[in-house]
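Just below is one structure, and these are the notes that go with it.
We use all heavy atoms of the structure for the numbers below, so side chains are in, but hydrogens, waters and symmetry mates are not.
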Amino acid sequence: HAVLLVLGVAAGVGAAVPAIQPALAASSPPDTGPVLMLLLAIWVGGSVMTDFVVVPHAFTALDRNAAIDLGAEIFRRWNFSECLIGALALLFAFAVGTRGWGGKKRLGAACALTGAMTLISLVFLFGLTPAIIGKVQTMRDAGIDLRDLTRRPPEREALSAIHTVYGILD
């Protein structure tokens, strides 16, 4: 449902922008650039807090298994939030560009960057995060103790590879 929501919002924005450009040019609407910057700051700041503060602290404060479960839930919810923030940011990137904030180059750059970030968030939400959670469950089902970091069975190597891809994209 979330993918359809994000794609629907993006498609709706893409279809609506050409239709409203004359009205935007004729009026002097409020500058939406600061809203776009705020959304991007919330997005990047939330990612930094999630990746470098909240989840790492869970691993120091909780049993490893509990921290893994908490981290999975935090990432699942944050990935969904990122997709919503991305859809809103894309809307405001279009709005900023249609108001002449730097012309077509800026519109293209703002939309490309915001679109790429949103696409990566969709990959997190529907690809990497479920793959990580599934790999953890497979390891638990196989009786692998997730607290034992000295054992490196193939499942743990695969989990490490998925984490690496997530970290690079993040």
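Separation of atoms CG (Leu125) and CH2 (Trp78) is listed at 12.5 Å; rounding is to 0.5 Å. Expressed to the nearest 0.5 Å, how far CG of Leu88 lies from OG1 of Thr114 amounts to 11.5 Å. Leu119 contributes atom CG, which lies 12.0 Å from atom CE of Met117 (distance to the nearest 0.5 angstrom). Atoms OG1 and CD1, on Thr129 and Ile74 in that order, are 12.0 Å from each other to the nearest 0.5 Å. With values rounded to the nearest 0.5 angstrom, Arg64 atom CZ is found 10.5 Å from Arg147 atom CZ. Expressed to the nearest 0.5 Å, how far CG of Leu146 lies from CZ of Arg151 amounts to 10.0 Å.
Note on Ile120: it does not cluster hydrophobically with Leu113, by side-chain heavy-atom contacts below 4.5 Å among ILVMFWY residues. Two different hydrophobic clusters hold Phe126 and Leu169 under the rule that ILVMFWY side chains link at heavy-atom gaps under 4.5 Å. Placement of Val35 and Trp43 within a single hydrophobic cluster is found when ILVMFWY residues are connected by side-chain heavy-atom separations under 4.5 Å, directly or transitively. Leu122 and Leu84 fall within the same hydrophobic cluster, defined by Ile, Leu, Val, Met, Phe, Trp and Tyr side-chain heavy atoms under 4.5 Å apart, directly or through other members. Hydrophobic clustering (ILVMFWY, side-chain heavy atoms < 4.5 Å, transitive): Ile133 and Met139 are in distinct clusters.
In plain terms, the two heavy atoms of Glu155 and Ile144 that are nearest each other are OE1-CD1, 3.6 Å. Closest non-hydrogen pair, Ile162 versus Ala131, comes out as CD1-CB, 4.1 Å. Across all non-hydrogen atoms, the minimal contact from Leu36 to Ala93 is CD2-CA, 3.9 Å. For Ala58 against Ala67, the heavy-atom pair with the smallest separation is O-CB, 3.5 Å.
Taking 4.5 Å as the limit, every side-chain heavy atom of Lys135 sits out of range of all side-chain heavy atoms of Ile132. Annotation: side chain of Thr50 is in contact with side chain of Val55 (closest heavy-atom distance under 4.5 Å). With contacts defined as side-chain heavy-atom distances shorter than 4.5 Å, the pair Arg140/Asn65 qualifies.
Each of Leu40, Leu90, Thr118, Ile42 was scored for a side-chain contact (heavy atoms from CB on, under 4.5 Å) with Ile85, with one residue passing: Ile42.
Each salt bridge (charged side-chain N to carboxylate O under 4.0 Å, His left out) pair with one or both residues in residues 157-166, not counting sequence neighbours, appears once here: Arg152-Glu157. Contacts classified as ring pair (Phe, Tyr, Trp, His ring centres under 6.0 Å) and involving residues 145-164 (residues at least two apart or in different chains) are not found.
For Tyr166, the ring-ring contact (aromatic ring centres under 6.0 Å, His included) partners two or more places apart in sequence, or in a different chain, are Phe75, Phe124.
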